[in-house]
Amino acid sequence: MTIDMAHFSPWSGLAGGALIGLAAVLMMGLQGRVAGVSGIVGGILRPARGDVGWRLGFVLGLIVGVAIDCAAAGVCWFASDLPIEIAASPALLVVAGLLVGFGTRLGRGCTSGHGVCGLARLSRRSMAATAVFMASGFLTVFVMRHVMGGL
């Protein structure tokens, strides 16, 4: 994957990051809940009484937010003329998705929960989890590109 430097804007990334941070602060401050996507979606799959509405609203907000951003930018990943190449086989993608799901259960949270919310709260567990996420990602890219020849 390469970055199209002609259309790269660090300002949009900065604004997006600030909005994610603001959303996490508001969710913690107003609801006392961590904005970890895997935990929110997991709660929809195994619902507790009276706990599904806000979770569905959160997930719907993620989808609507992308739609609003696409409309504002005039370019969407699902309606773009940019070439999108997925070099992995469908089986590898399924295995990778299952491993990510297993990892979020094992680590008791995902990158958004630990990396955004947990680090902001100076949680030692989240610091350790985020370090493991990042190291695992670096190691996976290295092995896939340099050891296995770019599968």
Q) Are Met134 and Val141 connected in a single hydrophobic cluster, I mean Ile/Leu/Val/Met/Phe/Trp/Tyr linked by side-chain heavy atoms less than 4.5 Å apart? A) no
Q | Nearest heavy atoms of Gly118 and Ser126, plus distance in Å | A | CA-OG, 3.2 Å
(Q) Could you work out, with side chain to side chain contact (heavy atoms under 4.5 Å, CB included) as the rule, every residue matching Leu119, not counting sequence neighbours? (A) Met127, Thr130
**Q.** Same apolar cluster: Val37 and Val52, side chain cutoff 4.5 Å
**A.** yes
Q.
Quick one, Leu92 with Met144, criterion side chain to side chain contact (heavy atoms under 4.5 Å, CB included). Give me CA distance, side-chain angles, the key distance, then yes/no.
A. CA-CA 12 Å; Leu92 183 60; Met144 294 299 287; 4.3 Å; yes
Scan the side chains in residues 54-66 for donor-acceptor partners under 3.5 Å anywhere in the protein, sequence neighbours excluded, and list what turns up.
from: Trp54; atom 1: NE1; to: Asp51; atom 2: O; distance (Å): 3.3
from: Trp54; atom 1: NE1; to: Asp51; atom 2: OD1; distance (Å): 2.7
from: Arg55; atom 1: NE; to: Asp51; atom 2: O; distance (Å): 3.3
from: Arg55; atom 1: NE; to: Asp51; atom 2: OD2; distance (Å): 2.8
from: Arg55; atom 1: NH1; to: Gly39; atom 2: O; distance (Å): 2.9
from: Arg55; atom 1: NH1; to: Ile40; atom 2: O; distance (Å): 3.3
from: Arg55; atom 1: NH2; to: Asp51; atom 2: OD2; distance (Å): 2.8

Q) Going from CZ on Arg125 to CZ on Arg108, what distance comes out if it is rounded to the nearest 0.5 angstrom? A) 5.0 Å
(Q) Count I, L, V, M, F, W, Y as connected when their side-chain heavy atoms are under 4.5 Å apart, and connections chain through other members. Are Leu139 and Met148 then in the same cluster? (A) yes
Q. Taking a hydrophobic cluster as the set of Ile, Leu, Val, Met, Phe, Trp and Tyr residues connected by side-chain heavy atoms closer than 4.5 Å, whether directly or through intermediates, do Phe133 and Leu106 fall within one such cluster?
A. no
Q) How long is the span from the OG1 atom in Thr104 to the CG atom in Leu99, to the nearest 0.5 Å? A) 11.0 Å
Q | Closest contact, heavy atoms only, Ala35 versus Cys117 | A | N-SG, 3.6 Å
